[in-house]
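Since the structure comes first, as structure tokens, the remarks are kept for the end.
Below, chain A is the first sequence line, B the second, and so on; all start at residue 1.
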There are 2 protein chains.
Amino acid sequence: MEEERLERIRDELHRQNYKLTPQRESTIRVLLENEEDHLSAEDIYLRVKEKSPDIGLATVYRTLELMSELHILHKINFGDGVARYEFKSEKGEHHHHHLICLDCGKVNEIQEDHLGEVERAVSDKYHFIIKDHRLIFHGICEECATKEGNSH
Amino acid sequence: MEEERLERIRDELHRQNYKLTPQRESTIRVLLENEEDHLSAEDIYLRVKEKSPDIGLATVYRTLELMSELHILHKINFGDGVARYEFKSEKGEHHHHHLICLDCGKVNEIQEDHLGEVERAVSDKYHFIIKDHRLIFHGICEECATKEGNSH
DNA sequence: GTAGATGCAAAACATTTGCATCAGT
DNA sequence: ACTGATGCAAATGTTTTGCATCTAC
């Protein structure tokens, strides 16, 4: 589980001559413990600080940057001015999409990847070699829709 | 053509008790003349400044913000730290997607919207009322692929 | 002891805001 | 005159950097 994934990350770091320092470990643990939540750097910093009060914000940023370079994390931007981070799926092409609620702002992941056909069509028509995609749906989540017969 | 669209924007502004000032007009003209280019606020500012050197950056930002509120422009974020702006299609639900080249950074629009089925599936399964979507493909564009038998 | 990692403060960058002034009705 | 719009400079918020210090091998 968690330890295992940490182990694999440590190995990947070592392979590239980087160290898994206590600060990096704390940062990664926070990410592992909050995988559903699409935390921003500041969010992560505050949570790491609870357990390791001496960590600096710059270190968190540097860790996130490094992990993104190593393709362990993926930096995403939902358009609200802060970057958020999530683990890349470990086995290649397992894409997922995001549902963002316009009412409450919650971000949900959905695990399907129904885009095979679409990708094929686009790739053929525009001669564009697709490496990745990002699909975001904006709308109203179930809770907000039922909450108050919302007129959306 | 351009004048016509400007006319319609002027009307929309007036309907909401806003004015089409010279600064706003210059800003909108730059957007109309560079519709393909996904300009950032700074880009727009520099181009407006060529013709109207006295305009301030804040005014450009305020204009872009206003036009976004009025649903004339759409503010998008490709994840590079700056917001970009494009006109909303005038007849409602005509979505388009973006192809971003990982080599040269160019952004191309594609006009299809093949997502009807996908939307239906997602909407049914997750009880999420979809209002809009954003689909971005990252990959290698035709020029970059041919340019040098690129190994991507 | 050397190379990488850290914390802090300062810098950089995009964007927003406060405020005095200006323009159009 | 009144309302909204502007330019400028200052403020904000996020992220990056410079640098002296620290840590692990």
Q. Excluding sequence neighbours, so at least two apart, what forms side-chain contact (heavy atoms from CB on, under 4.5 Å) with B/R10?
A.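 By the side-chain contact (heavy atoms from CB on, under 4.5 Å) rule, B/R10 matches B/E7, B/H14, B/L20.
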Q | Which residues share a side-chain contact (heavy atoms from CB on, under 4.5 Å) with B/E4, sequence neighbours left out | A | B/R8
Q. Would you say a side-chain N or O of A/T21 is under 4.0 Å from OP1 or OP2 of C/dT6?
A.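 Checking A/T21 against C/dT6: at least one side-chain N or O falls below 4.0 Å of OP1 or OP2.
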Q. Any luck finding a side-chain donor-acceptor pair between B/S26 and B/S52 under 3.5 Å?
A.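 Judged by distance alone, the side chains do pair up.
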Can you tell me how far [atom2] of [N] sits from [atom1] of [X], to the nearest Å?
X: B/L66; N: C/dT16; atom1: CG; atom2: P; answer: 13 Å
X: B/Q23; N: D/dA5; atom1: CD; atom2: C1'; answer: 7 Å
X: A/R84; N: D/dT14; atom1: CZ; atom2: C1'; answer: 12 Å
X: A/R24; N: D/dA24; atom1: CZ; atom2: P; answer: 13 Å
X: B/Y18; N: D/dT6; atom1: OH; atom2: C1'; answer: 16 Å
X: A/E65; N: D/dT14; atom1: CD; atom2: C1'; answer: 14 Å

Spacing of [X] atom [atom1] and [Y] atom [atom2] [to the nearest 0.5 Å]:
X: B/I140; Y: B/C101; atom1: CD1; atom2: SG; result: 5.0 Å
X: B/L73; Y: B/Y85; atom1: CG; atom2: OH; result: 8.5 Å
X: B/I72; Y: B/L31; atom1: CD1; atom2: CG; result: 11.0 Å

Q.
Short of 4.0 Å, heavy atom to strand atom, which residues of residues 35-61 of chain B count as contacting DNA chain D?
A.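 Contacting residues: B/D54, B/I55, B/G56, B/A58, B/T59.
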Q. Of the residues in residues 67-80 of chain B, which ones touch DNA chain D at a heavy-atom distance under 4.0 Å?
A.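 Those residues whose heavy atoms fall under 4.0 Å from DNA chain D, taken from residues 67-80 of chain B, amount to none.
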Q: Check B/K75, B/H74, B/H96 against B/E86 for a side-chain hydrogen bond (donor to acceptor under 3.5 Å, both in side chains) and give me the one that passes.
A: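 Of the listed options, the one satisfying the test is B/H96.
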Q: Enumerate the residue pairs fulfilling ring pair (Phe, Tyr, Trp, His ring centres under 6.0 Å) with a member in residues 34-55 of chain B, sequence neighbours excluded, ordered by first and then second residue.
A: B/H38-B/F78, B/H38-B/H98
**Q.** Base-contact (B) and sugar-phosphate-only (S) positions in nucleotides 19-25 of chain C, heavy-atom cut-off under 4.0 Å, - elsewhere
**A.** -------
**Q.** Whether over 12 other heavy atoms sit under 6.0 Å from A/Y126 OH
**A.**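 It does: A/Y126 OH has more than 12 such atoms within range.
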Q. For A/E109, does the CD atom have more than 12 heavy-atom neighbours from other residues, nucleotides or ligands under 6.0 Å away?
A.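 Yes, enclosed.
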**Q.** Side chain proximity check, B/V118 to B/H133, heavy atoms < 4.5 angstrom
**A.**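 B/V118 does not reach B/H133 side chain to side chain.
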